[in-house]
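Just so we're on the same page: letters track the sequence lines, and every chain starts at 1.
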There are 2 protein chains.
Amino acid sequence: MITLKHLKIIQALHENSTLTRSASVLYLSQSALSHQIRYLEEKLGIALWEREGRNLRLTKAGELLLQTAQQLLPILEQTEKTLKAYAQGCQGILRIGVECYPCYEWLTKAIGVFLKKMPNVEVEIINKFQFSGHEGLLNYHIDILITPDIEKTAGIHIETLAQYNLVLLVANKHSLVHKTIITPKDLTHETLLTFPVPLERLDILTQFLNPAHIKPKYIKKIESIELMLQMTALRRGVCILPEWLANEFIKKMPVKKIHISTNGLSQKLFAILRKQDKEINYIQRFVKISKEIVNITQKSPCLKTSVFKQ
Amino acid sequence: MITLKHLKIIQALHENSTLTRSASVLYLSQSALSHQIRYLEEKLGIALWEREGRNLRLTKAGELLLQTAQQLLPILEQTEKTLKAYAQGCQGILRIGVECYPCYEWLTKAIGVFLKKMPNVEVEIINKFQFSGHEGLLNYHIDILITPDIEKTAGIHIETLAQYNLVLLVANKHSLVHKTIITPKDLTHETLLTFPVPLERLDILTQFLNPAHIKPKYIKKIESIELMLQMTALRRGVCILPEWLANEFIKKMPVKKIHISTNGLSQKLFAILRKQDKEINYIQRFVKISKEIVNITQKSPCLKTSVFKQ
DNA sequence: CTTAATGATGAATTATATTCATATATGATA
DNA sequence: TATCATATATGAATATAATTCATCATTAAG
């Protein structure tokens, strides 16, 4: 009765608004779509769209069908991809979602090692999500999510990859540079450079500044870590990075790291997967490699630097 | 590429083993199926079944496709049913799963009230699950689960319907009948009549007997509550029931209730739903009615009996 | 070795989806 | 409000895909 074709149509129609545009996206004629949706509504005996002039608006029934489409299609797509991979002698596809900007540093290495050890598994990295990474995981857009934020939802399995301190980075000539420890107050007049994530996901705010009821002068979102460091060096702001990553940068740029509060501000990094995938060989392997690489990345420069500094 | 038809075929084939049988289940000719699966394997470029003589066994790829089918088809089926219901002017279908034998007593009443108040919603009761009720909920086989057992899994919402005491029922002439409170030791030589659920789900064992390292002489599983009471009255065993239900039976059968331990053995009853369904009007309504009915059912006979007994 | 039953296959048929050509409707603009 | 560019609807023709029919090949059981 309802076919996947219909689900694809209803989704495309939702994304592209007009029949003509959707048709071209689906490589079909406008006429074909028109026939299909008429057929579908006729068979179901219920309107899926309200036609207001040349605009289509989903009815309640249409919404239900769209929701179903958005739930089913990614699952099927994943299966098809994996089958195609199987057909080419691959063991599978691993789609990694990343919700953690500094992670790319070690993730690239980890994937490198993984690809060598598992030449039959393909890897795909996804960092834009329709909603959240968690959603992406549950909806089969990705198979594994690297994130510092966990939501305890059913059906997922959580692996802790690492724990590290966050430190503040300031320019060598910055007024704060001689502090050994930063207090919330110190940041009152600073511009804080952050990655473009929702503010409630910034530990420096939720764990450090908010409890002290202090706001930085301005929060500026920057995509690229290099640019962020550049701006820090040029005294256009200060930024917060994992200590192991900060250690890399203080070697090559005119910036200094300062510890945050007496206890430090620590953060954990997790790899999250669907429970049913926990036993899949190449997924276990990837988690294991990630743990190793994260720990090497975070410890070795640390050591070097501390030797260097003493 | 892969269509729903294929998923249905792979599922039917898994359930019915042979092509011929599956074909008749799907109202197709054996030839049609044979063509379809050949086409599918050809297009995917990978074997989905290994043919051992006339037996089909799924390959790893086939397993993946079957798993996908089992995940997708119930969701779609649910959507189709709901759409059909919409088409007939219904607001929707509520499929209730029940994992609690004594619940039928009040559930029937609750559904009665619900159907009167919401004439446009259809109701379906399901009490056999492929795996667990929780699975059924997450896989869209049911929309609401009535159970005393909660597993905290992601994406589900839990409502507490009631809390009540469990009591022991024995025949009027039973040797334990004059006890006011039962101890674990008292049950050493008794046959315990229970509903057919896994032993780890029986609170009388997990909460009462196991901690005292005591086992009843024999545990006999019985489907029907009437038969269970019948056997209790005939001194073929003793049984554990919610107190409110026990109160109903002691009025009409030669059985007595005895409280369990000094604190009593209390149990909670939950209604569990998918988080995304929480706001649906008729689901909220059903939960509300259930709470009311459970409380009336469990309180009113209690009152009557205590008046009667004094 | 037979036999009854299952699965496979090519050709014919039927059902379904798509396009083409064209008509109708809509919204913007003069 | 007339015009135009653009969008959707529709019937008939066509192309594609699914199903059946008739038949053969294979298999497990007696």
Side-chain angles (χ1 to χ4, degrees), chain A residues 1-59 61-62 65-66 69 72-73 76 80 83-84, chain B residues 1-59 61-63 65-66 69 72-73 76 80 83:
Chain A
M1 177 62 251
I2 297 174
T3 70
L4 287 174
K5 212 172 276 176
H6 296 133
L7 297 184
K8 283 178 188 164
I9 289 174
I10 211 169
Q11 198 183 41
L13 222 36
H14 177 245
E15 282 167 7
N16 305 292
S17 306
T18 80
L19 267 188
T20 314
R21 201 134 21 109
S22 307
S24 86
V25 169
L26 296 169
Y27 302 106
L28 283 174
S29 69
Q30 169 270 321
S31 173
L33 279 209
S34 185
H35 281 295
Q36 282 293 325
I37 66 178
R38 195 162 68 102
Y39 164 89
L40 186 59
E41 287 187 317
E42 207 164 273
K43 278 282 173 173
L44 291 173
I46 189 168
L48 298 173
W49 295 271
E50 273 162 11
R51 275 143 250 238
E52 301 168 327
R54 72 175 49 168
N55 288 352
L56 289 177
R57 220 195 45 234
L58 285 168
T59 61
L65 207 54
L66 173 64
L72 299 196
L73 293 177
L76 193 78
E80 279 188 319
L83 284 174
K84 208 165 284 172
Chain B
M1 176 63 247
I2 298 174
T3 69
L4 288 173
K5 212 172 277 174
H6 296 133
L7 296 183
K8 283 178 190 164
I9 289 174
I10 212 170
Q11 197 182 42
L13 221 37
H14 177 245
E15 282 167 6
N16 305 291
S17 306
T18 81
L19 267 189
T20 315
R21 201 135 21 106
S22 305
S24 86
V25 168
L26 296 169
Y27 302 106
L28 283 174
S29 69
Q30 170 269 320
S31 175
L33 279 208
S34 185
H35 282 296
Q36 282 294 323
I37 66 177
R38 196 162 66 102
Y39 164 89
L40 186 59
E41 288 187 316
E42 207 164 274
K43 278 280 171 174
L44 291 173
I46 189 168
L48 298 173
W49 295 271
E50 273 162 13
R51 277 141 250 240
E52 301 170 325
R54 75 175 47 167
N55 287 353
L56 289 178
R57 220 195 48 232
L58 286 168
T59 62
E63 287 281 0
L65 207 54
L66 173 65
L72 300 195
L73 294 176
L76 193 79
E80 279 188 319
L83 285 174

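The rotation axes computed at either terminus of the helix from C/dC1-D/dG30 to C/dA30-D/dT1 lie 30° apart, taking five pairs at each end and rounding to 10 degrees.
In terms of the side-chain hydrogen bond (donor to acceptor under 3.5 Å, both in side chains) criterion, A/T59 has no residue partners (sequence neighbours excluded). Applying the side chain to side chain contact (heavy atoms under 4.5 Å, CB included) rule to B/S24 yields no partners; only residues at least two apart in sequence or on another chain are considered. Residues passing the side chain to side chain contact (heavy atoms under 4.5 Å, CB included) test with B/L28, sequence neighbours excluded: B/L26, B/A32, B/L33. Residues passing the side chain to side chain contact (heavy atoms under 4.5 Å, CB included) test with B/K43, sequence neighbours excluded: B/M1, B/Y39. A/E50 is linked by a salt bridge (charged side-chain N to carboxylate O under 4.0 Å, His left out) to A/R57, counting only residues two or more places apart in sequence or in another chain. Take B/Q30 and apply the side-chain hydrogen bond (donor to acceptor under 3.5 Å, both in side chains) test, not counting sequence neighbours, and it matches no residue.
Rounding to whole angstrom units, NZ of residue A/K5 and C1' of D/dA18 are separated by 11 Å.
Remark: A/T18, A/L19, A/T20, A/Q30, A/S31, A/S34 in residues 11-34 of chain A come within less than 4.0 Å of DNA chain D through at least one heavy atom.
Counting heavy atoms from C-beta on, the side chains of B/E41 and B/I46 never come closer than 4.5 Å. Contact of the A/L73 side chain with the A/L4 side chain is registered, since non-hydrogen atoms from C-beta on lie closer than 4.5 Å. Annotation: side chain of A/L76 is not in contact with side chain of A/L72 (no heavy-atom distance under 4.5 Å).
Interatomic distance, CG of A/L65 versus CH2 of A/W49, reported as 7.5 Å (0.5 Å rounding).
In summary, contact between chain A and DNA chain C, defined as any nucleotide atom under 4.0 Å from a heavy atom of the protein, begins and ends at C/dA17 to C/dG27 in the 5' to 3' direction.
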### Task
Can you check each nucleotide of nucleotides 24-30 of chain D against protein heavy atoms at under 4.0 Å and return B for base, S for sugar-phosphate only, - for none, in 5' to 3' order?
--BBS--
Identify each donor-acceptor pair in which a side-chain atom of residues 8-20 of chain B lies under 3.5 Å from a protein atom, sequence neighbours left out, and give them as a table.
{"from": "B/N16", "atom 1": "ND2", "to": "B/A12", "atom 2": "O", "distance (Å)": "2.7"}
{"from": "B/T18", "atom 1": "OG1", "to": "B/R21", "atom 2": "N", "distance (Å)": "3.0"}

